[in-house]
Amino acid sequence: MLDLKKIRENPQEILKLLHQRNTDYQLQPILDLDTQQREKQSIKTELQARSNEIGKIIGQKMRSGVNSQSEEISRLKEEGNNVKAKLAELEPEERELKAKIDALLLELPNLPSNTTPMGKNETENIEVRRWGDEFIPDGSHILPHGEIGEKLGIIDSERAVKVAQSRFVALVGMGAALERALINFMLDRQIDAGYIEVIPPVLINSESLQGTGQLPKFAEESFKCENDDLWLTPTAEVPVTNFYRGEILEAEKLPIYHCAYTPCFRREAGSYGRDMRGLIRLHQFNKVELIKLVHPQTSGEEHEKMVNNAEAILQALKLPYRVVELCTGDIGFSAAKCYDLEVWLPNANTYREISSCSNCHDFQARRADIRFKEKGKKGTEYVHTLNGSGLAVGRTMAAILENYQQKNGTVKVPEVLQPYLKTDILGNNEY
RNA sequence: GGAGAGGUGGCCGAGCGGUUGAAGGCGCAGCACUGGAAAUGCUGUUUGGGGGUGACUUCAACGAGGGUUCGAAUCCCUCCCUCUCCGCCA
C-alpha cells in the first residue's frame with residue numbers, strides 16, 4: 001500500500017513513478033475522495049469534542065450534587081442529543097469515504113525503486129551476470145526433462161492427472177527422493193546462511209493475502225476453500241511475512257531471516273496451453289522460500305545478499321544460470337526492485353526462471369502493518385520486507401534432469417545431493 | 001461436535017456507567033546515591049489521525065461490529081479468536 005500522505009503531497013511524482021510500470025493509473029479519484037473525507041473528518045472531530053465536553057460537564061455537576069432532573073442538566077442533555085444526531089448523519093458518510101479510499105489504495109502497486117531499470121516489459125529486463133558453462137547439445141538428442149522423468153519412471157503425469165487434473169504431476173521412487181533431497185539440501189544451506197526455518201500453515205486467510213499484496217487484485221490466481229475464509233498459499237512469502245502482521249518489532253530484532261519449505265498452489269489463470277508438459281508450470285509445486293524483514297536503510301544490501309544466497313544453491317548444484325534484473329514494466333505488484341535467477345535448460349536451449357527475489361520496501365509492511373521501534377526514539381517505522389525463492393524445487397529438478405542427463409538415458413546425481421540420495425546415478429528404476 | 005472460561009498498554013494484571021488512555025507490577029530510559037556496580041529512591045515510558053515553527057492541542061483505539069446513554073473498558077446484541085474439560089482423530 002502506498003502512503004496516502006505522500007500521494008496527497010506529491011501526486012505528480014507518484015503518478016510518474018506508477019506509470020513507469022507501463023500501465024495507466026489514476027490518482028485523482030483518490031485525491032478527491034481524500035479531500036471530502038478530511039473535510040468530514042474535521043467536522044466530526046469538532047462535534048465529538050463538544051460531545052465529550054458535555055459529558056464531562058454533566059459528570060462534574062452530578063458529582064457535586066446537582067439534581068439530575070434539574071433544568072441545567074436537561075439543557076445539556078438536549079444539546080448532547082443534538083450533537084449525536086449530527087454525528088449519526090456524518091459518521092457513515094465519512095466511513096464510506098474512507099473505505100472507498102482504502103479500496104482504491106489497495107489496487108495500486110508498489111512504486112519502482114529508483115535503481116530499477118526503466119522498461120516497458122520483459123524484453124527490456126537487464127542481464128546482470130552469468131554463471132557456469134551452458135550445456136550445448138553436440139548433435140546427440142537432448143530430451144526434455146519431462147520425457148526423461150517418464151522414461152526413468154520417476155515422474156508420473158498420467159496418474160497424477162487422473163487423481164487430480166492437468167497441471168499436476170506425481171513423483172515416484174527416486175523422483176520423490178530427489179525432490180525431498182533438494183528440499184533438505186536447500187533448507188540446510190539456507191539455515192547455514194543464517195535463515196531460521198519455519199513450517200507455516202499452507203491454508204491462510206484473506207487478511208494474509210491482502211497483507212502481502214495477492215488480494216484484492218489477484219484473487220483469481222489462488223485456490224480458495226469456499227466454506228472457510230481460507231486459501232491455499234501461493235508461496236510461503238505470504239504466511240511467513242504475515243507471521244509478523246500487526247506487530248511492532250524491537251529494532252534490535254532486525255534483521256529477521258526466515259526460510260520455509262511449503263508446497264505452493266497457483267491457478268495459473270491466463271496461461272492456458274503454456275508449458276503444459278513437465279515440471280515448469282504446475283498447480284502445485286514445492287518451493288523453499290527466503291523471507292527477510294529488515295531495517296529500511298539496509299534493504300538494498302540485504303536484497304543483494306538474498307540473491308547471492310539463492311545463487312549459492314545453483315552454484316552448489318553446478319547448474320548454469322543468469323541473473324536478470326527486471327525492468328519497471330515487469331516487476332511484480334508488491335515489488336520495488338526484483339532480480340530473477342534463470343537456470344539453463346538445454347532442451348529448450350534457453351534460460352528459465354527458477355527464483356524471483358524482490359525487495360518490497362515498506363509496501364507490504366504498510367498493508368500488513370509490520371513496524372519496528374527503536375529504543376529511546378519516539379514513534380514507529382515500517383520495516384522493509386524481502387522475499388525470494390531459494391529455490392523452486394520442481395524447476396530445479398527439471399534443470400538437473402536436463403543438464404545431468406547422459407547418452408545412455410540415465411541421469412547423474414549432482415555431487416552435493418549424493419549424500420542425501422545415497423547414489424550417484426538415476427536410472428534402471430524398477431518402478 | 002458438547003460443556004465452561006476468557007480476550008485490557010512491550011509483557012503481567014486491576015477496573016465492571018461519570019475529568020480512566022486506563023491503578024499496581026515487570027520491563028525499558030533518564031536522574032540521584034556509589035570509586036564502579038548491585039540494591040534503593042525519584043522521574044519518564046502506547047499507537048494512529050487532524051491542527052500549530054514550537055511548548056502544545058484535539059480526536060480515535062480496552063478482540064471486531066452494532067445498540068442503550070448526555071457519557072461505555074464497564075450494560076445489551078451479533079460475530080471472531082484463545083484457553084480448559086469431554087468426544088472424535090493423523
Side-chain angles (χ1 to χ4, degrees), chain A residues 1-9 30-31 33-105 199-211 225 227-231 239 242-254 256 263 293 362 365-383:
Chain A
M1 180 134 72
L2 300 182
D3 186 356
L4 180 56
K5 209 190 263 177
K6 286 205 180 117
I7 294 178
R8 183 153 65 219
E9 283 164 2
I30 293 178
L31 291 168
L33 289 168
D34 180 51
T35 310
Q36 291 175 47
Q37 188 270 331
R38 279 153 58 85
E39 220 165 89
K40 290 211 192 286
Q41 195 191 8
S42 82
I43 300 171
K44 193 182 98 177
T45 303
E46 272 170 46
L47 289 171
Q48 279 167 332
R50 180 57 188 157
S51 167
N52 288 345
E53 198 180 359
I54 292 168
K56 257 180 209 170
I57 296 171
I58 293 178
Q60 273 165 5
K61 300 238 182 234
M62 293 190 28
R63 283 192 150 201
S64 63
V66 178
N67 187 330
S68 62
Q69 304 300 314
S70 73
E71 169 117 9
E72 202 182 0
I73 290 196
S74 302
R75 232 186 309 115
L76 283 166
K77 283 190 182 179
E78 202 190 318
E79 194 193 340
N81 276 326
N82 288 338
V83 170
K84 204 170 67 167
K86 282 186 206 154
L87 276 171
E89 219 175 288
L90 205 61
E91 266 172 349
E93 294 172 11
E94 195 255 354
R95 206 177 318 140
E96 200 183 317
L97 286 168
K98 231 180 209 158
K100 278 186 187 162
I101 293 168
D102 258 359
L104 289 174
L105 281 176
I199 299 183
V202 295
L203 289 188
I204 54 178
N205 57 35
S206 298
E207 228 181 321
S208 295
L209 284 157
Q210 182 175 301
C225 307
N227 293 331
D228 306 275
D229 177 30
L230 289 171
W231 306 67
N242 276 281
F243 232 52
Y244 299 98
R245 191 173 70 227
E247 296 192 24
I248 299 174
L249 306 163
E250 291 167 37
E252 307 91 275
K253 294 256 169 75
L254 301 178
I256 293 172
L293 287 84
D362 63 358
R366 233 171 246 292
R367 291 179 158 240
D369 189 25
I370 307 172
R371 291 170 287 166
F372 70 95
K373 185 177 174 59
E374 278 179 83
K375 278 229 167 78
K377 264 201 192 171
K378 244 191 135 44
T380 57
E381 232 182 300
Y382 288 106
V383 301

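Lettering follows sequence order; numbering is per chain, from 1. The figures that follow rest on heavy atoms only: side chains count, while hydrogens, waters and symmetry mates do not.
- The shortest side-chain heavy-atom distance between A/M62 and A/I73 falls under the 4.5 Å cut-off.
- OP1 or OP2 of B/U47 has not a single side-chain nitrogen or oxygen of A/R371 nearer than 4.0 Å.
- Per the geometry, CZ belonging to A/R50 stands 20 Å off P belonging to B/U57, to the nearest Å.
- Set against B/G71, B/C59, B/G51, the side chain of A/R38 has B/G51 as its closest nucleotide.
- Contact between the side-chain N/O atoms of A/R95 and the OP1/OP2 oxygens of B/G65 is not found at any separation under 4.0 Å.
- When the P atom is compared between B/G30 and B/A37, the two are found 12 Å apart, to the nearest whole Å.
- As judged by a 4.0 angstrom heavy-atom cut-off over every strand, A/R366 is placed among residues making no nucleic acid contact.
- Nucleotide B/U53 forms a pair with no other nucleotide shown, judged by Watson-Crick or G-U wobble geometry with both contacts under 3.5 Å.
- Between A/E79 and A/R50 there is a salt bridge, with a side-chain nitrogen of the basic residue lying less than 4.0 Å from a carboxylate oxygen of the acidic one.
- Between A/Q37 atom CD and B/C59 atom C1' the separation is 13 Å, expressed in whole Å.
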Assess whether side chain to side chain contact (heavy atoms under 4.5 Å, CB included) is satisfied between A/Y244 and A/I256, documenting all intermediate values.
CA-CA 10 Å; A/Y244 299 98; A/I256 293 172; 3.7 Å; yes
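- Sequence order on RNA chain B of the closest nucleotides to A/G55 and A/T380 puts A/G55 first from the 5' end.
- For B/G51 and B/C33, the C1' atoms lie 44 Å apart once the distance is rounded to whole Å.
- Nucleotides B/U40 and B/C26 have their P atoms positioned 9 Å apart, rounded to a whole Å.
- Residues A/E381 and A/F372 meet the side-chain proximity criterion, which asks for heavy atoms closer than 4.5 Å.
- Among B/G71, B/A60, B/U58, the nucleotide with an atom closest to any side-chain atom of A/A49 is B/U58.
- Nucleotide B/U58 holds its P atom 10 Å from the CD atom of A/E53, rounded to whole Å.
- The phosphate of B/A60 has OP1 or OP2 within less than 4.0 Å of a side-chain N or O from A/N52.
- Nucleotide B/G49 holds its C1' atom 18 Å from the NZ atom of A/K40, rounded to whole Å.
- Nucleotide B/G48: paired with B/C59 (Watson-Crick or G-U wobble, both distances less than 3.5 Å).
- The P atoms of B/U8 and B/G63 are separated by 6 Å, rounded to the nearest whole Å.
- Residue contacts for A/Q41: at a heavy-atom cut-off of 4.0 Å it reaches the sugar-phosphate backbone alone, with no base atom in range.
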Check the pair A/I7, A/L105 against side chain to side chain contact (heavy atoms under 4.5 Å, CB included), reporting the backbone distance first and the verdict last.
CA-CA 10 Å; A/I7 294 178; A/L105 281 176; 3.6 Å; yes
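- For the C1' atoms, the distance from B/G27 to B/G13 is 14 Å, rounded to whole Å.
- Look at the P atom in both B/G65 and B/U74: the space between them is 13 Å, to the nearest Å.
- Separating the C1' atom of B/G15 from that of B/G25 is a span of 15 Å, rounded to the nearest Å.
- Mapping A/K44 and A/K56 onto RNA chain B via the closest heavy atom, the residue that lands nearer the 5' end is A/K56.
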Salt bridge (Lys or Arg N to Asp or Glu O under 4.0 Å) assessment of A/K253 paired with A/E250:
CA-CA 5 Å; A/K253 294 256 169 75; A/E250 291 167 37; 3.7 Å; yes
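- Contact between the side-chain N/O atoms of A/K373 and the OP1/OP2 oxygens of B/U46 is not found at any separation under 4.0 Å.
- With a 3.5 Å ceiling on both atom-pair distances, the Watson-Crick or G-U wobble partner of B/C75 is B/G67.
- What separates CG of A/L76 from P of B/U69 is a distance of 17 Å, to the nearest Å.
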Derivation of the side chain to side chain contact (heavy atoms under 4.5 Å, CB included) call for A/I43 and A/L90
CA-CA 9 Å; A/I43 300 171; A/L90 205 61; 3.8 Å; yes
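- Among the nucleotides B/U47, B/U58, B/C70, the one closest to the side chain of A/I54 is B/C70.
- Nearest to the side chain of A/I58, among B/C70, B/U19, B/G50, sits B/C70.
- Using atom P as the reference point in both B/G10 and B/A5, the two lie 29 Å apart (nearest Å).
- When the C1' atom of B/C28 is taken as reference, atom CD of A/E250 falls 9 Å away, rounded to whole Å.
- Between the CD atom of A/E79 and the C1' atom of B/G71 there is a distance of 14 Å, rounded to whole Å.
- Distance A/E78 CD to B/G71 C1': 17 Å, rounded to the nearest Å.
- Under the Watson-Crick or G-U wobble criterion, with both distances below 3.5 Å, B/A3 is paired with B/U84.
- In this structure, B/A29 forms a base pair with B/U43, meeting either the Watson-Crick or the G-U wobble geometry with both donor-acceptor distances under 3.5 Å.
- The side chain of A/K84 sits closest to B/C70 out of B/G18, B/C70, B/C59.
- Residues A/K77 and A/I58 come closest through the heavy atom pair CG-CD1, 4.0 Å.
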